[in-house]
Amino acid sequence: MEYSQEQLNYFRLCYIAFDLVPVGLRQIFKNEWDFRYKATLIGEWKDTAQNGLDFYNNESKASHKKNARCLATIHNGDTAKWDCTCLFFAILYSDTVGTTLSPAVYKVVDDIRQVRNEIAHITEAKLTDADFQTSVDRLLNDFTSLGLAITEIQEIKNQTTFPTMEVENIKKEARNLQAELDLTKSTLQSTEAALVSLTQEISVELQSFCILPSRPPHDIIRRSHDIQRITSKMEELNSGSSGAVSTVYLSGNPGCGKSQLAREIGQQFFSEQTDNLIFAATINTESVETLADSYLTLGRHLGITEYALTSLESLKREKPIEAIQTLHRLILPKTSKFIKWLIIADNVIDLRVVRDLLPQTGSKEWGHGQVLITTQDSGTIPQNAPHTYHESLSKGMRRKEAVELLETVSQISEPAQAENVAELLDFQPLALAAAAYYVQTVVNSGSSNYDWKAYLQDISTYSQRKEAETVLASESSAYAKTTMAAVEMAIQRAVETDEVLLHTFSFLSLCANDDLPLETVLKFVKAQGKDHQEVLMKAKIVRSSLSLVHSEDGGERTYLRLHKVVHEALKRGEVFNLKSWRRDHTMAEAVKIFKVELDENDENYAFCKKLRPHCESVLKYMTSEFSSDESTFVARFTPFVDLDTVIDWLYTLASVCEKNSYIFFAKNVVDLACNLLGNKEDTSTGALTRKGRVLNMTGKVYNSLGEYNQAKEFHEKALMIRKKIFCEDHADVGESYNDLALVCSSLGKYNQAKELHVKALTIRKKIFGEDHADVATSYNDLAIVFNSLGENSQAKKLHEKALIINKKIFGEDHANVATSYNNLALVYSHLGEYKQAKELHEKALMIYKKIFGEDHADVATSYNNLALVYNHLGENSQAKELHEKALKIYKKIFGEDHANVATSYSNLALMYKRLGEFNQAKELYEKALIIRKQIFGEDHVYVETVRSQLALVNKHLGSSGARHAKAYCLIL
């Protein structure tokens, strides 16, 4: 049967209307959906059942009843199964999209609907050329207006021939006959050429050769220690492989020196085998195509003829994997004739892509050789496989070699400054080389005085460092990319290909670049609701070349950290940008995780100390955009985390910081917590309990800062709330009495402090009995007041009770026990029993340092108090050294204007005075006086104490005693 032109017109238009139009409508629907919902929690349209359910739920009851058939289809979410009726309903008439559709889009889509309906209702399968052109032009205009592709419609409009399967089969048969003829001719020619090629190949004499990765333009520092260690492992592996191929993996982050270390290993391998037939060859594994090129080069060195290699060039362009497999067959007979060989597969991006294209581990067909693979893709390296060895180079160079590299390349010998630069750059070879090359370039360009100090000032920002690195990258084929560019690409690959790493890096981008417990990261990833086995999640994170992992606490806990450059790239947010709501969600989840971690590890000082900088970093992110606008803060985060959880986290964080002497940050935390409390109208018992807890912690922090009047005010507010809720006999009330008493002691109001401490002790003994930590605390704090009032025997008795309870509860190595030792030692000092005091202070100091490290207020206090004992024992030089240590710590923690700093100045001044160095003593007393006047006012006993000491010093110097400020002797 033959078809008329009018019938063909009809067939063509039907194809457009019923095949191409639905495709365009699906695209328009998705565009309109994403325009409305992509940036919301509903998200973009992905043809999922969840999308269909969201659409269905958005429709009104009236729509459910009226459009039940369409909605039943739409409910599945797969637009490929929607016909035009469903699509026109979804776009034009639905509550979800249609009610808010722009008039312009509505008009064009409705015109498409009309054209489609006109075609569907044609009574006879014929269409004149004029009607065909009119309908097609309408659809072309409509598609163009909507920004849809019109290529296929244009092709059908201009179509003049109508090929069928029968015609195609005839053409195919003709082509096959021609190809058979061409092949016969080619075979005759190839046979002759192959004979010539085979003769040439047989006559080739194999020779040793060496092809290594590109050498950088600067001097190389031989990493002797690393080379010796790796080559020893390679020799051990080679000896145990029984003639089979063995594989060595060198993994690590971008810039860790994998390629250059592989180059040095290859060079040593070749130089040590001068009398044997060997080869060392590098193959480029950036892609399958570059790998094929490398094998062609290897084939030439192995004596494969140009005829054979040339014939593979065209095959390589079309089918590179097939070309590589053919090259393997040609190369195998050659490699087996070599005594030893080493193939360096450099910079493998994806091991899964190239692994099967390399000499196979355990194979004996290739002869006795090794494959050395350098890669960032550490996650897919086989673990504990036979005939393999893996070493990570992520930690970079050894310190001595890093400094040597900087000095050699830059030609500037400043070991101390060079070491600072090496630490800043995490001892990463590429970053070190780039820095040294940059400095050398600047010096050679006329700035002869340029040095490492100037370099550190010039690269204070990420962008400046990135720009400095381009100098080396632009002048060396050995470094195709800068460290930063390579790191950014590596992060991008990781987050695009692995969901676990995406969540890991989104979390770490908010944290500080300090050790973070791996278990905390795993809890965050699991909280995202992804069904991953924990052991697999851990393996992915630990094996990532961008991660640095180590164990502490006797191997019980694993910690995770990133290289500085990786962390900086994540912080900048340019590598992978999270939507604003997703970033807010991530921050909220971080708050939940950190709150639980701090609550569960309240007494684990070391663990909480690890978490503190990360909490600080998250909090800075959360508050950086809002300054003092807490209402905006609340609005942004309450959709993801309730305000009570945030306040509880802030309370716990402040407690951790106060215990670990991060006082200024603790002040920021409690201030924010108090401001957020102002956004809550809740007056329930739970809300008031929370408020009392926060106000009391705020008082503790202000007391530690030496802002005693403000601290007193906060504690009084907390006490009032707690007594209102609980009446008198409650632990929270006891805590408020005790903490308010401590402030009164700081203000020198000892009788008032004594009264409050007695109330706290009475409540605590009534609730807890004798053997409880809070009771021991009350004994301790009350004893301090007795000591200050001169009632030393009573103080000694109470301190001994506190010590017995604390040791019974906590054992020896606990901060409370150290505090009891410290305070009991003070009593012994007041009683003149200095040897006993010295022994107890030394015990306290040892425990404090073991728990807190050096930079902690309690450690400084121990130094101060032990120094006072040495002073009484006449060991002035030792006392002076300890007072200097205490002063240094106090200033680091509190800054200059703090009572503890004033005390250290005063005590150190006393040492200088006794050593006859009156000028130094005067200067220190004057500093102490200024600080104490600022804190306590003009007419306070602490001020008068310093004035009298200053007057004595001035008398020795022959000058009048001018009035200045106050200080007091710190007693814990």
Side-chain angles (χ1 to χ4, degrees), residues 16-117 138-153 495-496 499 502 506 528-530 576-586 636 639-640:
I16 294 172
F18 301 120
D19 285 75
L20 301 185
V21 164
V23 174
L25 292 175
R26 292 183 185 106
Q27 184 60 50
I28 293 303
F29 168 74
K30 290 178 181 178
N31 291 345
E32 293 297 328
W33 173 279
D34 289 348
F35 175 72
R36 289 162 177 76
Y37 303 110
K38 185 175 182 179
T40 70
L41 290 176
I42 293 176
E44 64 180 315
W45 190 275
K46 296 182 178 180
D47 282 339
T48 64
Q50 183 61 47
N51 289 145
L53 181 61
D54 289 338
F55 186 101
Y56 184 87
N57 290 337
N58 270 355
E59 293 297 299
S60 63
K61 290 183 179 179
S63 178
H64 284 177
K65 184 176 180 181
K66 181 180 178 183
N67 305 296
R69 187 189 71 80
C70 286
L71 286 172
T73 302
I74 289 173
H75 198 284
N76 64 31
D78 186 359
T79 56
K81 296 179 181 178
W82 300 3
D83 59 16
C84 284
T85 302
C86 287
L87 288 164
F88 284 127
F89 158 69
I91 298 171
L92 297 176
Y93 308 119
S94 66
D95 299 325
T96 304
V97 174
T99 54
T100 56
L101 196 65
S102 72
V105 175
Y106 183 95
K107 181 179 178 181
V108 176
V109 174
D110 190 57
D111 187 60
I112 295 174
R113 182 187 63 80
Q114 293 175 26
V115 174
R116 188 258 183 193
N117 287 346
R138 282 176 67 185
L139 291 174
L140 282 171
N141 290 333
D142 291 339
F143 268 51
T144 301
S145 298
L146 294 171
L148 298 173
I150 61 173
T151 304
E152 286 191 77
I153 299 177
V495 300
E496 287 177 354
E499 193 174 29
L502 169 62
S506 67
Q528 308 313 302
K530 302 304 176 185
F576 70 108
N577 292 315
L578 296 176
K579 299 173 186 176
S580 58
W581 72 267
R582 172 59 67 184
R583 195 160 187 81
D584 292 345
H585 175 265
T586 301
R636 283 282 294 273
F640 308 107

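Below, each value reflects all heavy atoms present in this structure, side chains not excepted, and no hydrogens, waters or symmetry copies.
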Give me the ring orientation class for Tyr56 and His75: parallel if the planes are under 30° apart, tilted from 30 to 60°, perpendicular past 60°. perpendicular
Using side-chain contact (heavy atoms from CB on, under 4.5 Å), reason through Tyr37 and Asn58 one step at a time and then give a plain yes or no. CA-CA 11 Å; Tyr37 303 110; Asn58 270 355; 3.6 Å; yes
[X] and [Y]: which non-hydrogen atoms are nearest, and at how many Å?
{"X": "Arg116", "Y": "Cys84", "answer": "NE-CB, 3.7 Å"}
{"X": "Gly52", "Y": "Trp45", "answer": "N-CH2, 4.0 Å"}
{"X": "Val108", "Y": "Ser145", "answer": "CG2-CB, 4.1 Å"}

Does Lys107 come within less than 4.0 Å of Asp110, counting only side-chain N to carboxylate O?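 No.
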Rounded to the nearest 0.5 Å, how far apart are [atom1] of [X] and [atom2] of [Y]?
{"X": "Tyr93", "Y": "Lys66", "atom1": "OH", "atom2": "NZ", "value": "9.5 Å"}
{"X": "Ser94", "Y": "Phe29", "atom1": "OG", "atom2": "CZ", "value": "7.0 Å"}
{"X": "Thr73", "Y": "Asp83", "atom1": "OG1", "atom2": "CG", "value": "6.5 Å"}
{"X": "Arg113", "Y": "Leu25", "atom1": "CZ", "atom2": "CG", "value": "11.5 Å"}
{"X": "Glu32", "Y": "Leu146", "atom1": "CD", "atom2": "CG", "value": "8.5 Å"}
{"X": "Leu41", "Y": "Asp54", "atom1": "CG", "atom2": "CG", "value": "10.5 Å"}

Yes or no on side-chain contact (heavy atoms from CB on, under 4.5 Å) for Trp33 and Lys38, after CA distance, side-chain angles and deciding distance? CA-CA 7 Å; Trp33 173 279; Lys38 185 175 182 179; over 6 Å; no
Evaluate the side-chain proximity of [Y] to [X]: yes if any heavy-atom separation is below 4.5 Å, no if none is.
{"X": "Phe88", "Y": "Cys70", "result": "no"}
{"X": "Glu152", "Y": "Val23", "result": "no"}
{"X": "Leu101", "Y": "Arg36", "result": "yes"}
{"X": "Arg138", "Y": "Gln114", "result": "yes"}
{"X": "Ile153", "Y": "Phe143", "result": "yes"}
{"X": "Trp82", "Y": "Ile74", "result": "yes"}

Of all pairs that satisfy salt bridge (charged side-chain N to carboxylate O under 4.0 Å, His left out), the ones with a partner from residues 22-31, not counting sequence neighbours: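 Qualifying pairs: Lys30-Asp47.
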Please determine whether the number of non-hydrogen atoms from other residues, nucleotides or ligands lying under 6.0 Å from atom CZ of Phe35 exceeds 12.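 No, because the 6.0 Å sphere around CZ of Phe35 holds 12 heavy atoms or fewer from other groups.
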Does a side chain donor of either Asp95 or Thr99 reach within less than 3.5 Å of an acceptor in the other side chain? no
State whether a side-chain donor-acceptor pair under 3.5 Å links Thr48 with Asn51.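 Per modelled atom types, Thr48 and Asn51 side chains form a pair under 3.5 Å.
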Exactly one candidate in Asn117, Leu87, Ile28, Asp142 meets side chain to side chain contact (heavy atoms under 4.5 Å, CB included) with Ile112; the answer is Asp142
